[in-house]
Amino acid sequence: MQRVLIIGAASAIAEATARVYAARGAALFLVGRDAERLAGIAADLSVRGAAKTAVRALDVNVYEAHQAVLDAAWSEFGEIDLVLIAHGTLPDQPACEASVELALREFSTNGLSTIALATAIAPRLKAGATLAAISSVAGDRGRASNYLYGSAKAAVSTFFSGLRQRLNADGINVLTIKPGFVDTPMTQSFKKGALWAKPDQVAHGIAAAVDRRRGVAYLPWFWWGIMQVIKNIPEFVFRRVKL
Amino acid sequence: MTEPGQSWGRYPRARQRIAPLTDRRRELPSFDGSALPYGNGRSYGDSCLNPGGTLLHARGLDRFLAFDPATGVLRCEAGVSFAEIIAMALPQGWFLPVTPGTRYVTVGGAIANDVHGKNHHGSGNFGHHLRCFELLRSDGSRRVCTPADELFAATVGGLGLTGAITWAEVQLKRVPGPWLEAESIRFGHLDEFFALSAESAHSHEYTVAWIDCLARGRSLGRGHFLRADHAPGEPGLRPPPSTARLSMPFTPPLSLVNRLSLRPFNWAYYHRQRAPRQRASVHYGPYFYPLDGIRDWNRMYGPRGFLQHQCVLPPGSARDGIAALLGEISRSGNGSFLAVLKEFGDIPSRGLLSFPRPGTTLALDFPNTGPAIFALLDRLDAVVAEAGGAVYPAKDARMSGRLFRSAFPQWERFQTHIDPQFSSGFWRRVME
């Protein structure tokens, strides 16, 4: 039985991923802001086959509360085989440009809190475990339309790259998940085109990347190609591009 | 932002605003004008469309609340699809008590159309297996409705007009496994269908017939009668059918269903079975959901879409009425790929606007070829009206308000239960 801890468990991608593990009979510890909402998700996961579920409320920006929640998860399950850090928001970029306070809060939500959690989780993991976080293709290059979000995700990606090297010798896999456009409540107001994926597509990609102990997973896979192109556009050209 | 909404028949086209429902505990999103809940868009015509208004997309309400594998009682949100229920419950020995011909309907949609299946003669409609559900109205009120309530009768078959269903509790059915023991019997004439149907109603759980709607004269109504029962599986002996799916990847510029393709298809379909009787073990997938294997099969009718016509004729006039309908179709030369014929049992429906009633139901698909097809459908409706029958709102895009109101005489009582903020293209059309 796999024991899985998910932080940001009410997000669409996290919920879809939890369903994949529930169908495999995993035990799931769900962390998110709204305990009542998590309880509803936990009931669903139980029907879908989860061996055990537990929920705990947490505001990721309250760093002092992190350890207590992690203690609860470890004492509930004894050991954790997979941690998925999946929380996030889609900041209003123009509003972040107008407010330092908002910009830093969004950076904390999407970047610092993940770094804080990963730092606290790493020493608790045993060989064979996986620590995964949902970063974003937006972290591969800053773009005018959402560079606050992108830079926070870039911090996560780089932090995870270093952590992967550090924990490799201990047999712990560190996975950076880089989804492209996903059709979720977070992106409700966007016009959807052919590049958009559904949360359960991404969820199956996450589970496959965990199973294969991959380090970085672009989801769906074609984003790897798209980002190779975007990353390699010379800066003197890129600065004139509208993206 | 308005978005083109689509029903399964891809006719008519409509534009409406989309408001997703994702949390059953929250209030309805605010909207201007009228709203209509929308599940997976498997209704064929305009009963799931709300031109100029708002569609409340309910697929986000896709959580199970509780399932008791000892009793088979399932409580789930309204946007859960039948496919998801089967995936969860069948490995534990439970199946849907009643299912339509596609597993991609939602629970909410199944209630709103009080869907029926091939076991209507023994099990009635989906609504007969419904223990309760919660209805969220536009004034923010919530009601848990049970079969004793008038609002239950209004909502079952109520076409989504009485409010948004947030969750429902359904009694599932025990089955030995995913396999059915099926028998296919070739019959040469409509009268043989009625004899087979009468005989099989007592002996078999599922009955349905596929008929060649282009055959005439002595072969009128010839086809294949399919009857089946759940059977214990033989695990290991036969693997389940491949899950690799065909798909219709694009919409062809013209309907692939046309005069050139129909006659040979119907002829070949009738003659593919040489033996008068064939028995086989069939997996539930191809048996219940033959078309689900082809993703987006509705595109094959081309950019103008298609119209389905499903009617029910009462027992007294069914034999001659069905013959008259087949005669009209055969004369017009506009055929349907396959026509589906089935006798309903006499279990009274629970919904004020439920379609199933004692008699014989015939379902046909016609490519939208313009005025000629609408004229044919009007002639079919005239036969239905004459026979005292009804046309199925879930499959309809053009019946007259007069036919609807006479075939569904409880519409006035139903009307008092409509949520004042809810409406649909279908409802405005038949109330004109």
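Throughout, protein chains are lettered first and strands after them, A, B, ... in sequence-line order, and every chain is numbered starting at 1.
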Report task. Please indicate whether B/His129 has more than 12 foreign heavy atoms, meaning atoms of other residues, nucleotides or ligands, lying under 6.0 Å from its NE2. Result -> yes
Query - Residue part contacting chain B, namely of A/Glu36, when any heavy atom lies under 4.5 Å - result: both
Query raised in the report: Stepwise, does the side chain to side chain contact (heavy atoms under 4.5 Å, CB included) test hold for A/Asp34 with B/Arg25?
Result: CA-CA 12 Å; A/Asp34 180 347; B/Arg25 296 169 306 138; 3.6 Å; yes
Query raised in the report: Which atoms of B/Asp23 come close to chain A, meaning under 4.5 Å heavy atom to heavy atom: side chain ones, backbone ones, both, or neither?
Result: side chain
Query raised in the report: Can you tell me if CZ on A/Arg143 sees more than 12 non-hydrogen neighbours from other groups inside 6.0 Å?
Result: yes
Query raised in the report: Is the shortest side-chain N to carboxylate O distance from B/Arg63 to A/Glu15 below 4.0 Å?
Result: yes
Query - Validation row: B/Ile18, A/Gln188 side chains within 4.5 angstrom (heavy atoms) - result: no
Query raised in the report: Under 6.0 Å from the CD atom of B/Glu27, do we count more than 12 heavy atoms belonging to anything else shown?
Result: no
Query raised in the report: Looking only at heavy atoms, what is the nearest atom pair of A/Ala43 and B/Leu65, with distance?
Result: CB-O, 3.6 Å
Report task. Working to the nearest 0.5 Å, report the span between CZ of B/Phe67 and CZ of A/Arg48. Result -> 13.0 Å
Query raised in the report: Between A/Arg37 and chain B, which part of the residue has a heavy atom less than 4.5 Å away: side chain, backbone, both or neither?
Result: both
Report task. Determine whether A/Asp44 and B/Met88 make a side-chain contact, defined as any pair of heavy atoms from C-beta on separated by less than 4.5 Å. Result -> no
Query raised in the report: Is the CH2 atom of A/Trp224 crowded by more than 12 outside heavy atoms at less than 6.0 Å?
Result: no
